[in-house]
Amino acid sequence: MTAATLTAATLLAEIDDAADPQVAEVLERYFQLQPGGYGYGDQMAGVKLSTIRGLLKPYARAAIPLEDLEQALTSPIHEHRLAILCLLADRASRNKGNERPEIYDLYLRSTAYINNWDLVDCSASEIVGGHLLDKPRDVLTNLVHSESLWERRIALVATHWFIRRGESEDIYHLAPEVFDDREDLIHKAAGWMLREAGKRVSEEELRVFLDEHAPAMPRTMLRYAIERLPADVRASYRARR
């Protein structure tokens, strides 16, 4: 296919062609689509992320209109939305034609369709963090207090963009806001970002934060945050719980 024939519809059709019912069964369990699971109500076609990324390669430079991608993002099929979000994240990170603000606005009005951790994790940093890098970040505080599990995770994962550029203040501000969160997926995201802040920005800053907050941190968050610290240091922080 030529660039002119690469559309949102052809991308979704390619994903459908790659669907495998056996893979779908595995993914349904992994992403907890069963009743009572955090992904309940979603639909899996059965396409692995590695396959999706391969299918996306020719689409990365295609000028698919953002309105078409936004419409595709409403698909009931999980892998359709995953592919669209990966494509939007790539376009936001390249910011060709200064379209990052449009992608950011599209993303925040579409959070109802960004409803599992893989969908958040492939997109929030590039789209939300990338847009906010040189702007006020009050929206992250609003998102982290949302009733939506996925909007709260978006706020936390968005900070990865800042952390990779040497800025860790936001995760140290947001993490205490979710100490009492009821969802383990939020504790994991906060702990992951704290660990990244310690790795990429300053281990000393991370230890200062842990010295103050370790006793109040959920066990999962603490475990993720201290993963890269020396064994004796990890043990000392675990003992404070």
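Scope of the values below: all heavy atoms of this structure, side chains included, with no hydrogens, waters or symmetry mates.
- Rounded to the nearest 0.5 angstrom, I127 CD1 and L108 CG are separated by 9.0 Å.
- Checking side-chain atoms of R228 against main-chain N and O of G198 turns up no donor-acceptor pair under 3.5 Å.
- For the 3.5 Å distance criterion, the side chains of D16 and H80 qualify, holding a donor opposite an acceptor.
- How far CG of L88 is from CG of L66: 7.0 Å, rounded to the nearest 0.5 Å.
- Linking Ile, Leu, Val, Met, Phe, Trp and Tyr residues whenever their side-chain heavy atoms come within less than 4.5 Å places I226 and V233 in a single cluster.
- Residue E70 holds its CD atom at 11.0 Å from CD1 of I84, rounded to the nearest 0.5 Å.
- You'll find the side chain of W192 reaches within 4.5 Å of the side chain of V157, heavy atoms only.
- Under a 3.5 Å cut-off, the side chain of R165 and the backbone N or O of W161 do form a donor-acceptor pair.
- You'll find the side chain of V47 stays beyond 4.5 Å of the side chain of H78, heavy atoms only.
- Side-chain atoms of N116 and R81 include no donor-acceptor pair closer than 3.5 Å.
- Judged purely by atom type and a 3.5 angstrom limit, R200 has no side-chain atom pairing as donor or acceptor with the backbone of R164.
- Across all non-hydrogen atoms, the minimal contact from P176 to I171 is CD-O, 4.5 Å.
- Closest heavy-atom contact between S148 and S146: N-OG, 2.9 Å.
- Look at R207 and D211 and you find no salt bridge, because none of the NZ, NE, NH1 or NH2 atoms lies under 4.0 Å from a carboxylate O.
- Distance check, rounded to the nearest 0.5 Å: OG1 of T159 to CD1 of I154 gives 12.5 Å.
- A donor-acceptor pair is defined here as one N or O able to donate and one able to accept, closer than 3.5 Å; no such pair exists between the side chain of T111 and the backbone of I114.
- When all heavy atoms of A92 and R100 are compared, the pair lying nearest together is O-NH2, 2.7 Å.
- Looking only at distances, no side-chain donor or acceptor of T10 sits under 3.5 Å from a matching main-chain atom of L6.
- Side-chain N/O atoms of H160 and S125 include no donor and acceptor closer than 3.5 Å.
- The 12-atom threshold is not exceeded at CD of E204, counting heavy atoms of other residues, nucleotides or ligands nearer than 6.0 Å.
- Here the two rings, on H213 and F179, have centers that are under 6.0 Å apart.
- The shortest distance between side-chain heavy atoms of M217 and L194 falls below 4.5 Å.
- No more than 12 heavy atoms of other residues, nucleotides or ligands sit less than 6.0 Å from atom NZ of K57.
- At a threshold of 4.0 Å, the pair R137-E167 counts as salt-bridged, since one of the basic side-chain nitrogens sits closer than that to a carboxylate oxygen.
- Counted within 6.0 Å of CG on D180, heavy atoms from surrounding residues, nucleotides or ligands total 12 or fewer; the atom is thus considered open.
- By the neighbour-count criterion of 12 heavy atoms within 6.0 Å, atom OH of Y113 is sparsely surrounded, having that number or fewer from other residues, nucleotides or ligands.
- Here the rule is side chain to side chain contact (heavy atoms under 4.5 Å, CB included) with I186, and of M221, E177, R153 only R153 fits it.
- Within 6.0 Å of CZ in R53 there are 12 or fewer heavy atoms belonging to other residues, nucleotides or ligands.
- Put simply, L56 and L49 are part of the same group of oily side chains (I, L, V, M, F, W, Y) that touch within less than 4.5 Å, one to the next.
- Considering only heavy atoms from C-beta on, H173 stays 4.5 Å or farther from L140 through its side chain.
- Residue Q71 qualifies as open at atom CD: its count of foreign heavy atoms under 6.0 Å is 12 or below.
- With values rounded to the nearest 0.5 angstrom, L210 atom CG is found 9.5 Å from E203 atom CD.
- Nearest heavy-atom pair across A45 and I77 is CB-CG2, 3.8 Å.
- One N or O on the side chain of N95 and one on the backbone of E99 form a donor-acceptor pair closer than 3.5 Å.
- Contact annotation: the side chain of D170 never approaches that of M193 to less than 4.5 Å [non-hydrogen atoms, C-beta and beyond].
- Side-chain atoms of R152 never come within 3.5 Å of backbone atoms of D181 as a donor-acceptor pair (strictly under, hydrogens ignored).
- At distances below 3.5 Å, at least one donor-acceptor pair connects side-chain atoms of Y172 with backbone N or O atoms of L206.
- At least one side-chain heavy atom of E79 sits less than 4.5 Å from a side-chain heavy atom of M44.
- Between Y38 and W150, the ring-plane angle classifies as perpendicular under the 30° and 60° cut-offs.
- Ring-plane geometry between H131 and Y104 is classed as parallel, the angle between the planes falling under 30 degrees on a 0 to 90 degree scale with a further cut at 60.
- Taking all atoms of both residues into account, the shortest heavy-atom contact from Y59 to L11 is OH-N, 3.2 Å.
- Placement of Y30 and L149 within a single hydrophobic cluster is found when ILVMFWY residues are connected by side-chain heavy-atom separations under 4.5 Å, directly or transitively.
- Within the model, atoms OH of Y224 and CZ of R195 stand 7.5 Å from one another, a figure rounded to the nearest 0.5 Å.
- Listed here is the closest heavy atom pair of L222 and A214: CD1-CB, 4.2 Å.
- In this structure the side chain of L73 reaches within 4.5 angstrom of the side chain of L106, judged on heavy atoms.
- Between I64 and R91, some side-chain heavy-atom pair lies under the 4.5 Å cut-off.
- Under a 3.5 Å cut-off, the side chain of S75 and the backbone N or O of A72 do not form any donor-acceptor pair.
- Under a hydrophobic clustering in which Ile, Leu, Val, Met, Phe, Trp and Tyr are joined whenever their side-chain heavy atoms come within less than 4.5 Å, directly or via other members, L185 and Y40 fall into different clusters.
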